[in-house]
Structures are given as C-alpha cells and as structure tokens.
Amino acid sequence: MKYHAIELAYPASRGLENITFALKRVADKHKVSYGDIIQFAGAVALSNCPGSPRLQFLAGRPEAKAPSPPYLIPSPRDTVDKILTRMADAGFTVDDTIALLAAHSVGRQEVIDFTVAGLPLDSTPGRFDSQFYLEVLLRGTNYPGAGQNKTMQAKSPSSHQFRLTSDAALARAPITACRWQSFINHQSRLTSAFRNAMVKLANNGQNTDDLIDCSDIIPFSEFWDGPAELPYGKVLADLEHPCSEQPFPALSSAKRSP
Ligand code: HEM
Ligand SMILES: [Ca+2]
C-alpha cells in the first residue's frame, strides 16, 4: 500500500482525502516531492488570507522513506498535557504550539460534527487575525449543531462558530492561558510568532542545508492590522479571563451583526 493510503486511514487524517489527491496530481506532474508540495500549497493558500505572514518556503525535501506511525498527531480530545508533551517531543515549545493555533483563525470543521460541516472556528475565517484567540475565551453556551462527537467539540458561544475541545482547554490551562491572551489585539506579535513556529513545522526532520530557499515565489497577503472585536451581541462579562497575571486587552465591539 502507498504511504498516503496508509496515513489517510489514521483518524487525524479524516477530511484530508480531497486535498491529498489534488496535491498528489500536481506533485507527480511537476516531479516535486510530496513534502515540498504540501509546504508550498500551505504557504500559497495562507497568502489568500489578509493579515497572514508570508511563510518561508524551502524546496528540495526528499520523498518519505516510510509512512508515519499512527497517533502522532494530537486529537481534539487529548488533554493539554498530552498535546504539549507530544509537541515538545517534536521540537515545539509551549509558546510555539499556542502560536501555531493561529491556523485555526482561518479554519473550519468538516468531520467532527456533520450537521454543521463547514462551520468556521472563529467569526472571520477569511482573515488571519487574533479574533480566534478572543472568541475561544467567550463562555461556551451551546453546541451549534447536533453535538456529535462531544469529546472533540466544546460548547460554542455562537451558532455560527465551532469550538474544538483542545482549543477551549489550551485557552484556559494555567500553563498556556497568558500566552493565549497575549495574542489578542497584537497582530504583529501573532504573525511573527506563527511564522517562526511554521519555519520549524515546515522543516521538521529535514536538513535545511540541503534545501533551497524559494520563499520569493510565495505571494504576500493583503495587509491587515485591525483590532479584535467583541462579536455582535457579546459583552465583556461573556469573556472568561484565565490569565490572572495580565489585564485583559482593551476591546471594541463589532458594529455589524454576525
Ligand atoms: C492542538 C493541536 C491541534 C488539534 C487537536 C487540531 C485539530 C483540528 C481539527 C479537529 C480540525 C477540524 C477538522 C475537520 O473537521 O475538518 C482542525 C482544523 C484545522 N487545523 Fe487544526 N489542530 C491542531 C493544530 C493545528 C496546527 C498546528 C495547524 C497548522 C499550523 C492546524 C491547522 C488547521 C487548519 C488550517 C484547519 C482548517 C481546515 C479546513 O478549513 O478545512 N491545526 N484542526
Ligand atoms: Ca480569523
């Protein structure tokens, strides 16, 4: 069996079939490695989101020699401790892990709750911003759909967005809460921390001396540096404040309805 078929059968890969086969065709046609096409496509895709950093892109990864063992990718039902231990094992600090979750600012869920497939993880899924970090701190009130897979989804503050159990827990755990809060309304801190952590993610296990820096071919995103806003209908009292060491950042309220 081909490696991709083995890895696609792992639970953490659910929903990745379409993009895997689409990118496989491109990589095969242009004779580039699968590792390179994944990083290239990710960097180009992110450039469509206003506010996102231009990611480094190094080319020349060799093909994998074996499929990944299963269960290396964290699950939304894992504890904070398990997620951070796994990420540390792969070379990521606690701060890196919290910064990487900015990807969820432009993410949606498809496979955890089919009754609300396509629901975004924050109210601005087209924009790479700190809105995600703010909104995950809103008190969860209801499941936006039928509440399938309750170990993986937490109650959300709105029927328009989905909350992963892992995001809810990482936002509130004593070890991560202040780092989480530190990104709210700090677009440049967020983009540079995310970019640096993505350099590690993209080159994990590679000898970067053997790769060629092709970052110049990655487009720049549209500039965006606005404030995070309390969603329409929410007030400060709806926010939880698990980082007791720092005051909560000043916020403005959204004028628009969701
Ligand atoms: C704590 C570790 C993480 C867990 C447990 C986790 C889990 C998930 C889950 C369950 C989804 C929804 C999948 C679906 O239903 O289709 C998702 C979406 C997503 N995640 Fe994560 N994730 C984690 C970290 C990351 C990291 C480090 C990145 C990238 C740097 C990332 C990027 C994304 C993106 C881009 C989406 C949206 C996909 C889409 O819109 O189709 N995640 N994540
Ligand atoms: Ca967003």
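Side chains are part of it too, since the values below use all heavy atoms of this structure and drop only hydrogens, waters and symmetry mates. In listed order, ligands and their atoms are each counted from 1.
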Trainee: For the residue pair Gln153 and Asp113, confirm or rule out a side-chain donor-acceptor distance under 3.5 Å.
Mentor: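 A pair is found: one side chain offers a donor N or O, the other an acceptor, under 3.5 Å apart.
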
Trainee: State, without any angle test, whether Thr124 and Asp122 hold a side-chain donor-acceptor pair at a distance under 3.5 Å.
Mentor: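 Per modelled atom types, Thr124 and Asp122 side chains form a pair under 3.5 Å.
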
Trainee: Before signing off on this row, confirm whether Leu121 and ligand 1 have an N or O atom pair separated by under 3.5 Å.
Mentor: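 No, no N or O pair falls under 3.5 Å.
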
Trainee: Counting heavy atoms only, which part of Asp78 comes closer than 4.0 Å to ligand 1: side chain, backbone, both or neither?
Mentor: neither

Trainee: For ligand 1, which atoms have a heavy atom of Ser166 less than 4.0 angstrom away?
Mentor: 5 (C)

Trainee: If I take every N, O or S atom of Ser105, is at least one of them less than 3.0 Å from the Ca ion (ligand 2)?
Mentor: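 Yes - counting backbone and side chain alike, Ser105 has an N, O or S atom under 3.0 Å.
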
Trainee: For atom 25 (C) of ligand 1, grab the closest protein heavy atom and report residue, atom and distance to one decimal in Å.
Mentor: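 Heavy-atom neighbour on the protein nearest atom 25 (C) of ligand 1: His104 NE2, 3.7 Å.
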
Trainee: How about Leu72: does its CG atom have over 12 heavy atoms from other parts shown lying under 6.0 Å from it?
Mentor: yes

Trainee: Near Leu101, which atoms of ligand 1 are under 4.0 Å from a heavy atom of that residue?
Mentor: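 Answer, ordered by atom number: 23 (C), 24 (C).
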
Trainee: Return the closest protein heavy atom for atom 7 (C) of ligand 1 as residue, atom name and distance.
Mentor: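 Atom 7 (C) of ligand 1 sits closest to the protein heavy atom Leu164 CD1, 3.7 Å.
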
Trainee: Would you mind naming the N, O or S atom of Asp122 nearest to the Ca ion (ligand 2)?
Mentor: OD2

Trainee: Strictly distance-based, threshold 3.5 Å: is any side-chain N or O of His241 a donor or acceptor partner for the main-chain N or O of Cys243?
Mentor: yes

Trainee: Which residue holds the protein heavy atom closest to atom 28 (C) of ligand 1, what is that atom called, and what is the gap in Å?
Mentor: Ala103 CB, 3.8 Å

Trainee: Could you tell me the residue and atom name of the protein heavy atom closest to atom 10 (C) of ligand 1, and the distance to it rounded to 0.1 Å?
Mentor: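 Among all protein heavy atoms, the one nearest atom 10 (C) of ligand 1 is Pro76 CG, 3.5 Å.
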
Trainee: Compare every heavy atom of Asp167 with every heavy atom of Leu101, then report the nearest pair and how far apart it is.
Mentor: CD2-OD1, 3.8 Å

Trainee: Would you say the Ca ion (ligand 2) has Arg127 as a near neighbour, meaning an N/O/S atom of that residue under 3.0 Å away?
Mentor: yes

Trainee: Note the single closest protein heavy atom to atom 2 (C) of ligand 1, along with its residue, its atom name and the distance in Å.
Mentor: Pro74 CB, 4.0 Å

Trainee: How many angstroms lie between CD1 in Ile73 and OG in Ser68, if you round to the nearest 0.5 Å?
Mentor: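 Between atom CD1 of Ile73 and atom OG of Ser68 there are 6.5 Å.
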
Trainee: Parallel, tilted or perpendicular: which describes the rings of His104 and Phe132, with under 30° parallel and over 60° perpendicular?
Mentor: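 Rings of His104 and Phe132: perpendicular, over 60°.
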
Trainee: What distance do Ser105 atom OG and Phe128 atom CZ have between them, rounded to the nearest 0.5 Å?
Mentor: 6.5 Å

Trainee: What's the spacing between Phe248 CZ and Leu137 CG if we round to 0.5 Å?
Mentor: 5.0 Å

Trainee: Looking at ligand 1, is there an atom of it that comes within less than 4.0 Å of some heavy atom belonging to Met198?
Mentor: yes

Trainee: Which of the numbered atoms in ligand 1 are under 4.0 angstrom from any heavy atom belonging to Ser75?
Mentor: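 Those qualifying, in numeric order: 5 (C).
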
Trainee: Looking only at the side chains, is there a donor atom on one of Thr79 and Asp81 sitting less than 3.5 Å from an acceptor on the other?
Mentor: no

Trainee: Using a strict cut-off of less than 4.0 Å between a Lys/Arg side-chain nitrogen and an Asp/Glu carboxylate oxygen, indicate whether Asp89 and Arg86 qualify as a salt bridge.
Mentor: yes

Trainee: Do other residues, nucleotides or ligands put more than 12 heavy atoms under 6.0 Å from the NZ atom of Lys200?
Mentor: yes

Trainee: Whether Lys24 engages the ring of Tyr34 as a cation-pi pair (distance to the six-membered ring centre under 6.0 angstrom, angle to the ring normal within 45°) should be assessed.
Mentor: no

Trainee: Under a 4.0 angstrom heavy-atom cut-off, which atoms of ligand 1 come close to Ile112?
Mentor: 10 (C), 15 (O)

Trainee: Which of these, Arg77, Arg14, Lys82, Arg108, has its nearest heavy atom closest to atom 38 (C) of ligand 1?
Mentor: Arg108

Trainee: On a heavy-atom basis, I'd like to know which of Asp96, Leu84, Leu100 is closest to atom 30 (C) of ligand 1.
Mentor: Leu100

Trainee: Looking only at N, O or S atoms in Asp129, which is nearest to the Ca ion (ligand 2)?
Mentor: OD1

Trainee: Counting heavy atoms only, which of Glu110, Met87, Arg86 comes nearest to atom 15 (O) of ligand 1?
Mentor: Glu110

Trainee: Quick one: nearest non-hydrogen protein atom to atom 1 (C) of ligand 1, plus distance?
Mentor: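 Of the protein heavy atoms, Ile83 CG2, 3.7 Å lies nearest.
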
Trainee: Checking only N/O/S atoms, does Thr124 have one that is under 3.0 Å from the Ca ion (ligand 2)?
Mentor: yes

